[in-house]
Q: 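Let me begin by handing over the structure; questions about it come next.
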Amino acid sequence: MARILVTSALPYINGIKHLGNLVGSQLPSDVYARYMRARGHEVMYICATDEHGTPAELAAAKAGVPVAEFCAGMWQVQKDLADGFGLSFDYFGRSSSARNREITQHLAAALGRNGLIEEVSEKQVYSHADGRYLPDRYIEGTCPNCGDENARGDQCENCTKQLDPTDLINPRSAISGSTDLEVRETKHLYLRQSAMRETLDKWIDSQKGWPVLTTSIAKKWLHDGDGLRDRGITRDLDWGVPVQFDGAPWSGMEGKVFYVWFDAPIEYIGATAEWADATGAGDAAWERWWRTDKGANDVRYVQFMGKDNVPFHTLSFPATMIGSAEPWKLVDFIKSYNWLTYEGGKFSTSQGRGIFMDQALDIFPSDYWRWWLLSNAPESSDSDFTWQSFQGGINKDLADVLGNFVSRVTKFCRSKFGETVPEGGTYGKAEAAVTDEIAARLRAYQDNMEAIELRKAAADLRAIWVAGNEYLQAAAPWSVFKQSPEDAAATVRFALNLIRLYGVLSAPFIPDASAAILSAMNAKDAGWPEDLNAALSALPAGHAFSTPDVLFAKIPDERREELEARFAGA
RNA sequence: GGGCCUGUAGCUCAGUUGGUUAGAGCAGAGCGCUCAUAACGCUUUGGUCGUAGGUUCGAGUCCUACCGGGCCUACCA
């Protein structure tokens with residue numbers, strides 16, 4: 001038995017996430033966590049909301065509530081949606097928690113003591129009307145290069161030229177439109193990542209088998225231009241982790257907070273500590289996952305994230321951990337995902353384009369979404385959600401291949417033998433052959449799960465379902481029954497055991513349907529089939545079951561067309 | 001501008017270190033079955049592997065150029 005720490009990138013707090021966000025980190029990490037638990041490993045699966053930063057403050061202001069209140073409310077919304085999608089976090093924390101504040105301040109102090117934090121004086125734009133400093137992208141004006149009037153302070157979208165806010169002609173606040181702006185001198189702490197470039201480079205090089213997407217982004221940042229740059233880790237904001245040094249004010253940093261990217265990944269640790277608090281397990285319980293001097297040496301730590309998050313997880317966060325010179329557990333494998341697009345274009349929060357988590361759960365069961373998103377996950381490149389593809393995948397894979405198999409077996413049995421596993425007959429070549437077939441598919445399934453190749457694993461799982469239909473078709477108990485009810489009974493008995501097996505194997509992908517299957521089969525043992533032959537005789541003759549309702553209702557064309565129109569966007 | 005990824009049957013994708021007749025699912029066609037959610041099974045049509053060169057006994061796989069799609073480029077997180 002191994003110990004596996006799994007973290008999903010933290011969803012930002014400012015609103016409800018769309019399916020692209022879901023498939024990029026939460027959903028695949030959940031499948032992995034569920035699979036590893038099913039294999040008997042000890043799993044700690046952590047996620048949390050990422051709550052700090054300007055967008056959260058603005059979203060709160062727009063909603064007309066204090067930011068702390070806004071975040072608390074939105075945390076609950078996201079928690080409920082996560083539950084709705086069956087995300088099996090051991091703990092869903094908050095980056096604004098006391099634990100994260102404490103650990104973030106602790107790590108900053110350690111970095112400071114090790115000479116890895118530098119005070120830098122820089123110029124920032126202050127907006128009097130908004131009463132806040134403005135991040136570069138929240139300043140708009142005329143581009144000095146192309147004359148576009150809606151250039152942002154970091155880059156002109158029109159001509160793609162990178163800009164400084166001070167380059168803009170007639171700059172204004174993107175929040176209020178105010179032109180009452182002032183460039184102020186302000187001091188900030190910088191993390192001296194440049195000093196750790198070689199360390200990080202060697203660390204990245206020592207990792208084996210990481211996705212190309214992960215390492216290529218890290219390498220780019222390490223070697224681009226002058227190499228890895230230092231980064232500001234503080235901001236002039238109210239909402240965040242206060243900048244302190246060992247609990248005392250950090251001289252010159254009064255009233256400032258740590259920048260959200262600094263404290264967000266630390267919340268992986270913070271949330272594990274929150275879990276320990278919530279369960280009353282004590283500090284040793286979370287430290288054995290995170291401190292190599294306190295038991296974390298045998299932990300395998302796997303992170304899941306969208307590609308936008310890769311620089312923070314390959315460089316900034318490791319720089320924080322390594323730079324502290326404390327024995328923190330570092331990540332062993334970083335699984336990164338490309339984007340999911342919607343009908344050929346981008347999901348857009350602002351334009352209401354695409355499908356959001358709350359809407360998705362309103363129209364179909366979470367298993368539908370889980371299955372389609374995971375069996376089409378953007379693992380090797382961006383992938384496109386279309387209603388046509390979704391409808392096809394659900395109807396064919398779930399309804400026809402799996403759902404109908406359960407249906408035809410249980411209903412046939414009920415009509416001929418009643419709702420108990422029938423006795424009589426013996427297994428022969430057909431049963432041995434399909435067992436061999438499934439054994440081979442199962443090995444592939446397991447290998448792909450271990451390697452976190454979830455698209456391939458989904459295909460393997462589907463092939464295991466198909467094997468059941470092939471077997472049943474060849475055995476044809478409905479015609480055999482007329483001559484030899486005993487032989488038909490053996491086939492049905494075997495097929496009922498296949499159903500139970502499918503319930504077990506499918507659980508990481510479609511947990512609700514799996515639970516329904518296992519419940520209908522009245523299965524007491526839902527353990528992973530370490531011994532396939534034993535697993536296929538788990539339901540003995542005489543075992544009572546119930547015939548389940550339709551497991552997966554099909555999506556008719558009219559329904560699909562209606563949804564296509566409804567989600568076409570404004 | 002720079003960097004990275006990607007282009008394989010109508011569609012979505014597999015194709016380990018270059019090695020026999022390029023695979024799967026969906027869609028299409030034919031046949032079978034009738035237990036089942038008009039479901040299932042079998043057979044089958046379909047590809048000059050983006051283009052042009054090169055390396056090699058041998059290239060979907062390696063190299064170069066070009067064409068197309070996408071992402072990143074550090075103050076969105």
Side-chain angles (χ1 to χ4, degrees), chain A residues 9-14 21 50-56 122 124-125 133-139 152-155 160-162 164-165 188 193 211-213 215-217 219-221 223-225 228-232 235 259-261 264 305-312 315-316 338-339 341 346 375-376 378-384 386 388-389 392-393 395-416 453 455-456 458-459 462-463 466 468-481 488 491-492 495 547 549-554:
Chain A
L10 309 187
Y12 196 66
I13 195 71
N14 65 342
N21 300 123
D50 175 14
E51 304 194 358
H52 297 135
T54 305
E122 56 183 27
Q124 284 276 300
V125 174
Y133 282 91
L134 298 177
D136 291 359
R137 64 172 5 229
Y138 284 100
I139 302 160
R152 287 192 329 225
D154 55 345
Q155 186 178 44
T160 75
K161 185 177 173 59
Q162 290 183 49
D164 269 334
H188 281 295
Q193 297 185 142
V212 179
L213 185 62
T215 49
S216 65
I217 293 173
K219 283 289 179 182
K220 160 75 168 153
W221 281 51
H223 300 294
D224 188 40
L228 188 60
R229 295 175 228 165
D230 297 341
R231 288 193 68 151
R235 286 294 181 276
Y259 181 36
V260 50
W261 75 250
M305 69 200 66
K307 58 186 166 185
D308 54 333
N309 261 302
V310 169
F312 301 104
L315 303 168
S316 308
N338 287 283
W339 302 132
T341 54
K346 289 183 178 175
S375 58
N376 293 279
E379 281 183 320
S380 56
S381 62
D382 292 355
S383 60
D384 190 33
T386 66
Q388 199 120 35
S389 170
N395 288 355
K396 196 70 200 174
D397 300 345
L398 294 186
D400 293 346
V401 176
L402 176 60
N404 183 56
F405 178 73
V406 173
S407 191
R408 65 195 299 206
V409 172
T410 51
K411 286 181 180 171
F412 179 77
C413 183
R414 183 175 61 183
S415 74
K416 304 298 182 194
E453 295 280 352
R455 280 181 89 119
K456 292 178 184 170
R462 186 189 191 281
V466 167
N469 280 311
E470 289 170 351
Y471 163 74
L472 200 65
Q473 198 67 32
W478 47 88
S479 46
V480 170
F481 182 81
T491 299
V492 170
T547 302
D549 295 329
V550 168
L551 281 171
F552 307 100
K554 287 212 200 190

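Order of the sequence lines sets the chain letters (A, B, ...), proteins ahead of strands, with each chain counted from 1. Basis for what follows: all heavy atoms, side chains included, without hydrogens, waters or symmetry-related copies.
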Q: Does Lys554(A) or Ala476(A) map to a spot on RNA chain B nearer the 5' end, using the closest nucleotide for each?
A: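 With Lys554(A) and Ala476(A) compared, the 5'-side residue is Ala476(A).
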Q: Looking at Asp382(A) and Lys346(A), is any side-chain nitrogen of the basic one under 4.0 Å from a carboxylate oxygen of the acidic one?
A: no
Q: Record whether the side chain of Asn404(A) comes under 3.5 Å of the base of A39(B) through a donor-acceptor pair of N or O atoms.
A: no
Q: With C1' as the reference atom in both, quote the distance from C62(B) to G23(B) in angstrom, rounded to an integer.
A: 22 Å
Q: List, with names and distances, any nitrogen or oxygen atoms from the protein found under 3.5 Å away from nitrogen or oxygen atoms belonging to nucleotides 41-44 of chain B.
A:
from: C42(B); atom 1: OP1; to: Glu470(A); atom 2: OE2; distance (Å): 3.4

Q: Considering residues at least two apart in sequence or located in another chain, which fulfil the salt bridge (Lys or Arg N to Asp or Glu O under 4.0 Å) criterion with Lys220(A)?
A: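 Lys220(A) satisfies salt bridge (Lys or Arg N to Asp or Glu O under 4.0 Å) with Asp224(A) once adjacent residues are dropped.
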Q: Quick one: list whatever passes side chain to side chain donor-acceptor pair (under 3.5 Å) with Thr341(A), sequence neighbours left out.
A: Asp384(A)
Q: Which residues satisfy the salt bridge (Lys or Arg N to Asp or Glu O under 4.0 Å) test with Glu379(A), sequence neighbours excluded?
A: Lys335(A)
Q: Calculate the interatomic distance between Lys411(A) atom NZ and A38(B) atom C1'; express it in whole Å.
A: 14 Å
Q: Return the set of residues passing side chain to side chain donor-acceptor pair (under 3.5 Å) with Asn395(A) (not counting sequence neighbours), or none when no residue passes.
A: none
Q: Mind checking side chain to side chain contact (heavy atoms under 4.5 Å, CB included) for Ala553(A) and listing every partner two or more places apart, or none if nothing turns up?
A: Tyr368(A)
Q: Could you give me the stems involving RNA chain B, meaning stretches of three or more consecutive Watson-Crick or G-U wobble pairs whose two defining distances are both below 3.5 Å?
A: B:1-7 with B:67-73, B:10-13 with B:23-26, B:28-32 with B:40-44, B:50-54 with B:62-66
Q: Using a 4.0 Å heavy-atom cut-off to protein, can you give one letter per nucleotide of nucleotides 72-77 of chain B, 5' to 3': B if the base is in contact, S if only the sugar-phosphate is, - if neither?
A: --BBSB
Q: In whole Å, measure the gap between the C1' atoms of G10(B) and C66(B) for me.
A: 27 Å
Q: Using the rule given for side-chain contact (heavy atoms from CB on, under 4.5 Å), can you reason through Glu51(A) versus Leu10(A), listing the C-alpha separation, both sets of side-chain angles and the distance that settles it, and then say yes or no?
A: CA-CA 9 Å; Glu51(A) 304 194 358; Leu10(A) 309 187; over 6 Å; no
Q: Please determine, by modelled atom types, if Arg408(A) and Gln473(A) share a side-chain donor-acceptor pair under 3.5 angstrom.
A: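 Short answer, yes.
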Q: Residues in salt bridge (Lys or Arg N to Asp or Glu O under 4.0 Å) with Lys456(A), at least two apart?
A: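 Residues passing salt bridge (Lys or Arg N to Asp or Glu O under 4.0 Å) with Lys456(A): none at all.
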Q: Side chains of Leu315(A) and Leu228(A): does their closest heavy-atom pair fall under 4.5 Å?
A: yes
Q: Is there a donor-acceptor pair closer than 3.5 Å between any side-chain N or O of Tyr12(A) and the backbone N or O of Ala56(A)?
A: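 Confirmed, Tyr12(A) side chain pairs with Ala56(A) backbone.
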Q: So which protein nitrogen or oxygen atoms get under 3.5 Å of nucleotides 6-14 of chain B's nitrogens or oxygens?
A:
from: A14(B); atom 1: OP1; to: Ser380(A); atom 2: OG; distance (Å): 2.5

Q: Of all residues at least two apart in sequence or in a different chain, which pass the ring pair (Phe, Tyr, Trp, His ring centres under 6.0 Å) check with Phe412(A)?
A: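 With sequence neighbours excluded, Phe412(A) shows a ring pair (Phe, Tyr, Trp, His ring centres under 6.0 Å) to no residue whatsoever.
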Q: Taking salt bridge (Lys or Arg N to Asp or Glu O under 4.0 Å) as the test, write out the residues that go with Asp136(A), two or more places apart.
A: none
Q: Planes under 30° and centres closer than 5.5 Å, is that true for Trp478(A) with the base of C35(B)?
A: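 Given the distance and angle limits, yes, they stack.
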